[in-house]
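Down below is the structure, laid out as structure tokens.
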Amino acid sequence: MGDWQRYLEEHAARFTEELVDFLRIQSVSTDSAYRDEVRKAARWTANRLEQAGMEHVQIMETEGHPVVYADWLHAPGRPTLLIYGHFDVQPADPLELWEHPRLNPTLKATPFLLEVHRT
């Protein structure tokens, strides 16, 4: 097993806990009542990028919600990788279609996840 695989296994519980904390942020971007929650999700994202060793981490203002930027430019001659993601969520309606409470992640074992963790 490679060092990176061992590292992931040793820290899986922490990574899961951090992801669940992130998923609980009520960053509903289409509802102005959640404006502060969207900013909280931006701060969460920026903090995790800094912890990962990224540089020039910025929360950049826009006419709407903020965006988060970071880079790490220390691999001359190597390809550039751009990761685009979002930290906002859509409204939860219709609520009656949810199997579990919204913004309260529920972990389920699936055949795929079991396959990933098999040695």
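Please read all numbers here as calculations on a predicted model, not as lab measurements.
Residues Arg14 and Glu18 meet the side-chain proximity criterion, which asks for heavy atoms closer than 4.5 Å. Between Glu55 and His74, the closest side-chain pair of non-hydrogen atoms falls below 4.5 Å.
Atom CG of residue Asp88 and atom CD of residue Gln90 lie 6.5 Å apart, to the nearest 0.5 angstrom. The structure places CD of Gln26 at 5.0 Å from OH of Tyr34, a figure rounded to the nearest 0.5 Å. Rounded to the nearest 0.5 Å, atoms CG (Leu19) and CG (Leu107) are 8.5 Å apart. With rounding to the nearest 0.5 Å, the separation of CH2 in Trp98 from OG1 in Thr106 is 10.0 Å.
In the displayed structure, Arg78 atom CZ is contacted under 6.0 Å by at most 12 heavy atoms of other residues, nucleotides or ligands. Atom CD of Glu96 is surrounded by more than 12 heavy atoms from other residues, nucleotides or ligands within 6.0 Å.
Note on Phe87 and Val28: separate hydrophobic clusters, where clusters join Ile, Leu, Val, Met, Phe, Trp and Tyr whose side-chain heavy atoms are under 4.5 Å apart, directly or indirectly.
Pairing each heavy atom of Pro66 with each of Ile59, the nearest pair is CB-CG2, 3.6 Å. In this structure, Glu37 and Ile25 approach most closely via the heavy-atom pair O-CG2, 3.3 Å. Here the closest heavy-atom approach between residue Gly53 and residue Trp72 is recorded as O-CD1, 3.5 Å. Closest heavy-atom contact between Val38 and Ser29: CG2-CA, 4.0 Å.
Listed for the Ser27 side chain is no donor-acceptor partner under 3.5 Å among the backbone atoms of Ala41. Looking at Glu50, its side chain never comes within 3.5 Å of a backbone N or O of Asn47 through a donor-acceptor pair. Side-chain atoms of Asp31 come within 3.5 Å of backbone N or O of Ala33 as a donor-acceptor pair.
Stacking of Arg48 on the aromatic ring of Trp44 is recorded, both the 6.0 Å distance cut-off and the 45° axial limit being met.
Qualifying side chain to side chain contact (heavy atoms under 4.5 Å, CB included) partners for Arg24, counting only residues two or more places apart in sequence or in other chains: Val20, Asp21, Asn104, Pro105.
Its side chain within the 4.5 Å cluster rule, Met60 clusters with Val67, Tyr69 among the Ile, Leu, Val, Met, Phe, Trp and Tyr residues.
Between Phe15 and His11, the ring planes are tilted. Angles from 30° to 60° get that label.
Taking a cutoff of 4.0 Å between a charged side-chain nitrogen and a carboxylate oxygen, Asp36 and Arg39 do not qualify as a salt bridge.
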